[in-house]
Amino acid sequence: MSYKDPSKPIAQRVEHLLSLMTVKEKVGQLVQPFGWKTYESKDGKITLAESFKEQVKEGGVGSLYGTLRADPWTGVTLDTGLSPREGAEAVNEIQRYAVEHSRLGIPILIGEECSHGHMAIGATVFPVPLSLGSTWNTELYREMCRAVALETRSQGGAVTYSPVLDVVRDPRWGRTEECFGEDPYLIGEFAAASVEGLQGESLDGEASVAATLKHFVGYGSSEGGRNAGPVHMGTRELMEVDMYPFKKAVEAGAASIMPAYNEIDGVPCTVNEELLDGVLRKEWGFDGMVITDCGAINMLAAGHDTAEDGMDAAVSAISAGIDMEMSGEMFGMYLERAVEEKRLDVSVLDEAVRRVLTLKFKLGLFENPYADPARAEQVIGCSRHREMARQLAAEGIVLLKNEGSTLPLSKEDGVIAVIGPNADQGYNQLGDYTSPQPPSRVVTVLEGIRAKLGGDKGRVLYAPGCRINGDSREGFELALSCAGQADTVVLVLGGSSARDFGEGTIDLRTGASKVTGNDWSDMDCGEGIDRMTLQLSGVQLELAREIHKLGKRLVVVYINGRPIAEPWIDRHADAILEAWYPGQEGGHAVADILFGDVNPSGKLTISIPKHVGQLPVYYNGKRSRGKRYLEEDSQPQYPFGYGLSYTEFRYSDLQVTPQAIKTGETAVVTVNVENSGSVAGAEVVQLYINDAASRFTRPAKELKGFRKIYLEPGEKQRIEFTVGPEQLQYIGQNYQPVVEPGLFRVMVGRHVNDTLSADLTVQED
């Protein structure tokens, strides 16, 4: 049959296969059940569920969600889950049954969560995207995406539901950790790197997976920072800010995209035909697959209430441009009947199936639907990937304060007390969308410091002090005792996105682990965990105050998934590190920074306010939004792009050549950057543009370029940027991009509030 002939063009193979399919089989290709429910594992043997077998025989299954996903939601644990080899073998059993027992032998699309590593047992846990963005190192991130793709595809996963390209506008939102930051240009650069890394040179490569861009669009701008809340945004801002990263990723060749849960101006994104068909397909030329978020079609009839019932919701979604329903039942329940009752034209169904089949052919699934268990066992969680995780974590750590050169610490300096609820809790540093981990695979801050000092436990004292949440102070006594014996206190505070993995808790009075029959979760961040404040949860601040009274050198390390606004700590700590959720190697990375083996180079991609009442505080707001409140100005505590180093970088001789250009021309911006300190280090050179006057209002500054460079002491580099239409345009009249003649200010520096400035004039053609 021609659809099985790999020498034929994909479009021809798709059309032939489509012509052979019944309506029931077509609908089956748009259905995605939960993958972990399709099999059972016992004594190393995989048994497929009878319900899954029946579904395959009756009409086929297009895709499976989270076949290898392990976490409290799936109920898959370290004890019941599959090793890398077993996972690959399980996928092979599933694919073999689908190919051999369905009428047309169509392989299944295995979709997996891979936001910061494949969410399967044994896979490498990299830092969360907020940390990855703070590296400003797109090349290293691209390498990480290649590693994630390799680990995922080696087990049979062919699609990943990442990257998350939402622009964060309110960091109270629990999913802030899953995003790269608040700036569309920076997110766009990481978006392109993600697609290039995940998809490789060809989708059918043995180390390639299809990227799914999410969440399209405006998801990070929800009302009140509440997950999936309404978005109040005009078309111009939507195009300039929230759509920009998605457009860059589509241009990079992204194979799949996921609409957001939220509504924009009264229209849920799941059925926003103007976005899904008008912008995405007609304007941008996207020809890939569109898949809903989990349960999004159900929300149309029970949440948004734009559909009368499930039938109405399913028909509305596929008619608007949805090709596959993630983990829901609406398509499977209603689409076949909708065609029979003439509520859905079969041509609309065919178009969705055509896109699903095209992706399967591009992935090479018809030629090779099977994984290589031996390869999975070899590459998943390998030492090279762990080393990469450590480097990324270190580069993503931001030094916020370093009074009197408190850091780096000397390895010979006295006794160190490592205190705090995040000092030795592995799950608390991994972030949401993480699989269960054996303790040996996660290096905590306490373990990292002990390893750095050669395992001398006598020099490193430990006490948890308190939990993330709750008002118990029973651990204060031990914490203060340890701090009193130390020369330096490393206080590890922050938040947690750890779900309840059922592995007990810690005894606050002794620091020892203990297992109880009670559910245990300190989760104050993650999907669905939105907050009213940005302060530390529980009694963490009180613990910090009590320790400060001892007069010890105090280094605060934050491990968390969103900015923390605690002015008291900003004033009283001698040094502050923002480590975000640094992943499984995070403890080593923090120790590398604390003791100067790595010079901090992370820069904030999200502004940190002095107080939650300043929100929104993102740097690229409109110039007209005002300067201050009665109590305080509108400037953040730590601005976008900010981050200290153990050395000093001097900027000089900013030049723009030529100083005047026509609207379609480009200018070259150059600046000298010198390491004027005594240690080697990396610096992120940031380029901002200001349009002095414009027909439509503009932000005061917009990031339009960056370069991360490494300089030895005394070394100087001449850095060059190109500025042209792409950097100078904005969405003007009739929502068209335009470069208006006039004065522009070009700014280059170490962060948004510390730059050199030069003028560039754009003249009419």
Side-chain angles (χ1 to χ4, degrees), residues 130-131 134 168 170-172 176 181-182 396-409 419-423 445 465-466 468 483 488-495 524-525 531-581 590 593-594 600 602-619 628-629 631-646 750-754:
L130 188 56
S131 172
S134 299
V168 178
D170 190 331
R172 293 176 298 173
T176 295
E182 70 185 30
I397 292 172
V398 184
L399 179 59
L400 297 178
K401 182 181 181 181
N402 195 20
E403 195 75 24
S405 297
T406 298
L407 298 179
L409 302 175
I419 295 171
N422 279 344
V445 174
C466 63
I468 296 294
T488 301
V489 176
V490 176
L491 185 58
V492 192
L493 307 173
D524 69 352
C525 192
R531 295 192 64 194
M532 295 175 62
T533 177
L534 294 177
Q535 294 174 308
L536 289 167
S537 299
V539 294
Q540 293 183 82
L541 180 59
E542 185 177 339
L543 174 65
R545 289 177 183 269
E546 292 301 311
I547 288 176
H548 180 263
K549 292 176 182 177
L550 300 175
K552 306 291 183 174
R553 181 165 53 179
L554 180 60
V555 177
V556 171
V557 177
Y558 284 139
I559 290 180
N560 48 291
R562 58 161 73 87
I564 291 171
E566 283 292 4
W568 186 91
I569 288 180
D570 294 325
R571 290 193 303 269
H572 293 93
D574 295 298
I576 305 173
L577 288 180
E578 175 55 81
W580 306 120
Y581 293 134
V590 169
I593 297 290
L594 287 174
K603 302 281 187 176
L604 293 177
T605 61
I606 189 165
S607 305
I608 300 180
K610 302 182 183 80
H611 187 278
V612 71
Q614 290 181 301
L615 297 179
V617 76
Y618 53 87
Y619 87 93
R628 65 170 299 118
Y629 295 94
E631 300 89 348
E632 183 60 81
D633 62 34
S634 60
Q635 286 297 309
Q637 180 69 38
Y638 301 107
F640 178 85
Y642 175 88
L644 302 176
S645 170
Y646 295 152
R750 54 178 57 87
H751 62 76
V752 69
N753 290 343
D754 186 358

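All figures in this text were calculated on a predicted structure; none of them were measured in a lab.
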Q) Where is the tightest heavy-atom contact between Ala544 and Leu493, given as atom of each residue plus distance? A) CB-CD1, 4.4 Å
Q) Taking C-beta and beyond as the side chain, do Ile608 and Tyr558 meet within less than 4.5 Å on heavy atoms? A) no
Q: Please answer whether the main-chain N or O of Pro636 pairs with a side-chain N or O of Gln614 as donor and acceptor at a distance below 3.5 Å.
A: no
Q.
Please tell me whether Tyr646 and Asn402 have a donor and an acceptor in their side chains that are separated by less than 3.5 angstrom.
A. no
Q | Least distance between heavy atoms, Leu554 atom then Leu491 atom | A | CD1-CB, 4.0 Å
Q: Could you check Asp754, Leu400, Leu399 and say which one makes a side chain to side chain contact (heavy atoms under 4.5 Å, CB included) with Tyr642?
A: Leu400
Q) Hey, are Lys610 and Asp570 close enough for a salt bridge, meaning a charged N less than 4.0 Å from a carboxylate O? A) no
Q) Does a side-chain heavy-atom distance below 4.5 Å link Leu594 with Val590? A) yes
(Q) Within the 4.5 Å heavy-atom criterion, are His611 and Glu631 side-chain neighbours or not? (A) no
Q) Taking side chain as C-beta onward, heavy atoms only, is Asn560 less than 4.5 Å from Cys525? A) no
Q: Describe, in one word, how the ring planes of Phe640 and Tyr619 are oriented to each other, choosing from parallel (under 30°), tilted (30 to 60°) and perpendicular (over 60°).
A: parallel
Q.
Regarding Glu546 and Lys549, does a basic nitrogen lie under 4.0 Å from an acidic carboxylate oxygen?
A. yes
